[in-house]
A.B. asks: 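Just dropping this structure here.
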Amino acid sequence: MKRIVSKLFALTFVFAADVFMLVSCAKKDKFASSGEFACLAQKGKLILGLDDSFPPLGFRDENDEIVGYDIDLARELAKRLGLELVCQPIDWNAKEQELATKKIDCIWNGFTMTPERKEAMAFTNAYLNNAQVAVVRADGSINNLFDLAGKTIGLQAGSSAQDAVDSMPEFKESVRQIVELKENITALNDLTLGNLDAVIMDQVVASYNITVFSKPLKVLPEKLAKEEYGVAFRKEDTALRDRVQSVLEEMQKDGTVTAISEKWFGKDLSVIGKQKK
């Protein structure tokens with residue numbers, strides 16, 4: 001009889017503890033609704049998925065630390081939410097799967113919003129504008145997109161550069177070869193070495209690399225596609241998305257975003273809270 005009572009007491013205790021944990025989680029977490037993600041605040045971490053070779057938005061510095069514009073924004077935001085920011089490098093070509101399988105909590109790394117992605121994920125409003133451009137050697141004879149006919153171009157696999165090229169069938173058919181690479185940095189190095197004739201990539205990233213690292217490259221004047229960067233969450237995590245959007249707007253109003261932008265770009269490029277209603 002004592003054994004039965006003891007077992008019943010133990011089961012009751014475990015059940016009560018589970019209930020307490022659920023209630024406690026719900027009380028602590030004001031920015032998620034249900035399911036596993038409802039315990040984000042209790043977990044105490046925001047896991048950010050990124051390509052860690054994407055300067056100036058997210059990359060490794062000389063000390064192998066992950067830094068960048070997006071990282072500074074995310075770290076300040078996490079601090080205001082009472083969370084620790086964890087930067088998790090991922091295979092950019094599998095970013096959607098990493099998010100869907102809950103290995104990361106968000107994708108925040110110069111992630112271009114497209115109609116297809118908006119259907120599959122919950123995005124914040126745009127926080128930065130961008131464009132897909134062609135980068136070529138500064139001392140070469142290529143001065144516009146037409147000059148790339150019959151040439152070899154490189155781009156990052158699974159990137160919006162690939163989408164931009166696909167959306168221009170005549171341009172795509174005019175080039176001799178399209179080489180897909182894992183990272184933009186590798187593509188730019190191959191371009192500098194003469195293994196590629198051009199690289200299609202984000203204007204923000206291209207301009208930063210050319211200026212900061214004094215690369216002998218130039219950006220062609222034509223834009224293949226205009227874009228907007230947003231922070232992506234799982235489709236069901238709209239409560240967290242809205243909370244993040246609210247904090248980003250607070251950071252813009254109090255001058256934090258401006259300071260971070262001036263640090264990385266020399267001026268305020270943020271479009272947070274500036275979108276047309």
Side-chain angles (χ1 to χ4, degrees), residues 46-77 85-99 103-114 117 121 123-124 126-135 153-165 179-192 196 198-213 215 217 219 223-232 257 260-261 263-266 269-271:
L46 176 67
I47 303 176
L48 180 154
L50 79 157
D51 166 10
D52 62 353
S53 62
F54 201 65
L57 303 177
F59 64 104
R60 292 187 182 274
D61 64 11
E62 63 276 8
N63 299 315
D64 204 35
E65 297 291 333
I66 297 178
V67 298
Y69 176 71
D70 285 0
I71 304 306
D72 281 356
L73 286 180
R75 183 165 285 112
E76 176 61 24
L77 179 137
L85 178 68
V86 177
C87 297
Q88 178 62 55
I90 58 175
D91 179 353
W92 197 247
N93 204 26
K95 54 192 173 296
E96 291 89 351
Q97 182 180 359
E98 295 282 326
L99 183 64
K103 293 180 180 178
I104 57 176
D105 298 322
C106 67
I107 302 173
W108 191 343
N109 186 218
F111 194 29
T112 300
M113 297 187 290
T114 66
R117 287 172 177 172
M121 291 170 277
F123 275 92
T124 61
Y127 67 91
L128 200 65
N129 287 335
N130 182 50
Q132 290 301 316
V133 295
V135 183
I153 64 173
L155 49 79
Q156 184 182 33
S159 68
S160 51
Q162 194 168 39
D163 296 334
V165 171
V179 179
E180 295 183 8
L181 299 114
K182 186 176 181 180
E183 302 171 346
N184 281 298
I185 301 302
T186 302
L188 288 177
N189 289 338
D190 281 354
L191 174 61
T192 303
L196 299 170
V199 174
I200 309 301
M201 62 185 298
D202 298 63
Q203 184 176 32
V204 170
V205 180
S207 298
Y208 179 85
N209 276 276
I210 292 171
T211 302
V212 174
F213 300 109
K215 289 185 177 292
L217 306 171
V219 177
K223 294 178 173 59
L224 281 77
K226 292 184 178 181
E227 301 174 342
E228 294 178 321
Y229 289 153
V231 185
V257 174
I260 293 173
S261 184
K263 169 186 173 181
W264 290 102
F265 304 116
L269 296 182
S270 170
V271 297

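These numbers come from the heavy atoms of this one structure, side chains and all, not from hydrogens, waters or symmetry mates.
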A.B. asks: For residues Val205 and Met201, report the shortest heavy-atom separation together with the two atoms involved.
C.D. replies: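 Result for this residue pair: CG1-CE, 3.6 Å.
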
A.B. asks: Evaluate the side-chain proximity of Asp70 to Leu50: yes if any heavy-atom separation is below 4.5 Å, no if none is.
C.D. replies: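 SC-SC contact between Leu50 and Asp70 ruled out.
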
A.B. asks: So do the side chains of Ser207 and Val133 get within less than 4.5 Å of each other, counting heavy atoms only?
C.D. replies: no

A.B. asks: If we check ring pair (Phe, Tyr, Trp, His ring centres under 6.0 Å) with Tyr69, which of these qualifies: Phe265, Tyr208, Trp108, Trp264?
C.D. replies: Phe265

A.B. asks: Shortest non-hydrogen contact from Gly110 to Leu57?
C.D. replies: CA-CD1, 3.5 Å

A.B. asks: Mind listing the closest non-hydrogen atom pair of Ala187 and Val199 along with its distance?
C.D. replies: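 Taking Ala187 first and Val199 second, the nearest heavy atoms are O-CG2, 3.5 Å.
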
A.B. asks: Do Leu217 and Thr192 come within less than 4.5 Å of each other through their side chains, counting heavy atoms only?
C.D. replies: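 Sidechains of Thr192 and Leu217: in contact.
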
A.B. asks: Do side-chain atoms of Asn184 reach the backbone of Ser53 as a donor and acceptor pair under 3.5 angstrom?
C.D. replies: no

A.B. asks: When you compare the side chain of Phe59 with that of Val67, does any pair of heavy atoms fall below 4.5 Å?
C.D. replies: yes

A.B. asks: Look at the side chain of Asp91 and the backbone N and O of Asn93, then say whether any donor-acceptor pair between them is shorter than 3.5 Å.
C.D. replies: yes

A.B. asks: Determine yes or no for a side-chain-to-main-chain donor-acceptor pair under 3.5 angstrom, with Asn63 supplying the side chain and Glu65 the backbone.
C.D. replies: no

A.B. asks: Determine the sole option in Gln132, Arg117, Glu227 for which the side-chain hydrogen bond (donor to acceptor under 3.5 Å, both in side chains) test with Thr112 is passed.
C.D. replies: Glu227

A.B. asks: Please step through side chain to side chain contact (heavy atoms under 4.5 Å, CB included) for the pair Leu269 and Asn129, ending with a clear verdict.
C.D. replies: CA-CA 8 Å; Leu269 296 182; Asn129 287 335; over 6 Å; no

A.B. asks: Could you state the interatomic distance from OG (Ser159) to CG (Asp202), rounded to the nearest 0.5 Å?
C.D. replies: 7.0 Å

A.B. asks: If the test is ring pair (Phe, Tyr, Trp, His ring centres under 6.0 Å), which one of Trp92, Tyr127, Tyr229 qualifies with Phe111?
C.D. replies: Trp92

A.B. asks: As an exercise, state the distance from CD1 of Ile185 to CD of Gln156, rounded to the nearest 0.5 Å.
C.D. replies: 9.5 Å

A.B. asks: Test side chain to side chain contact (heavy atoms under 4.5 Å, CB included) on Leu155 and Glu180 and set out the steps.
C.D. replies: CA-CA 5 Å; Leu155 49 79; Glu180 295 183 8; 4.0 Å; yes

A.B. asks: Working to the nearest 0.5 Å, report the span between CG of Leu48 and CG of Asp105.
C.D. replies: 9.0 Å

A.B. asks: Quick check: do Met121 and Glu96 have side-chain heavy atoms less than 4.5 Å from each other?
C.D. replies: yes

A.B. asks: Supply the atom-to-atom distance Asp52 CG to Asp64 CG, rounded to the nearest 0.5 angstrom.
C.D. replies: 8.5 Å

A.B. asks: Quick one: closest heavy-atom pair of Ser261 and Ser270, and the distance?
C.D. replies: OG-N, 4.2 Å

A.B. asks: For Ala198 and Leu191, which heavy atoms make the closest approach, and how far apart are they?
C.D. replies: N-CD1, 3.6 Å

A.B. asks: What I'd like to find out is whether the side chain of Ile90 reaches to under 4.5 Å of the side chain of Asn109, using heavy atoms alone.
C.D. replies: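 Heavy-atom side-chain distance check fails, nothing below 4.5 Å.
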
A.B. asks: Indicate yes or no for a side-chain donor-acceptor contact from Glu76 to the backbone of Asp72 under 3.5 Å, with no hydrogens or angles considered.
C.D. replies: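 Not a single qualifying donor-acceptor pair exists.
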
A.B. asks: Please report the interatomic distance OG1(Thr124) to CG(Leu77), rounded to the nearest 0.5 Å.
C.D. replies: 10.0 Å

A.B. asks: Looking at side-chain heavy atoms only, is the closest gap between Asn189 and Lys215 below 4.5 Å?
C.D. replies: yes

A.B. asks: Taking the side chain as C-beta and beyond, is there a heavy-atom pair between Glu228 and Val271 under 4.5 Å?
C.D. replies: no

A.B. asks: Would you mind telling me which of Leu181, Ile153, Val135 makes a side-chain contact (heavy atoms from CB on, under 4.5 Å) with Leu196?
C.D. replies: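 Considering Leu181, Ile153, Val135, a side-chain contact (heavy atoms from CB on, under 4.5 Å) with Leu196 is found only for Leu181.
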
A.B. asks: Is there a donor-acceptor pair closer than 3.5 Å between any side-chain N or O of Lys95 and the backbone N or O of Asp51?
C.D. replies: no

A.B. asks: Looking only at non-hydrogen atoms, find the nearest pair between Cys106 and Val231 and report the distance.
C.D. replies: CB-CG1, 4.2 Å

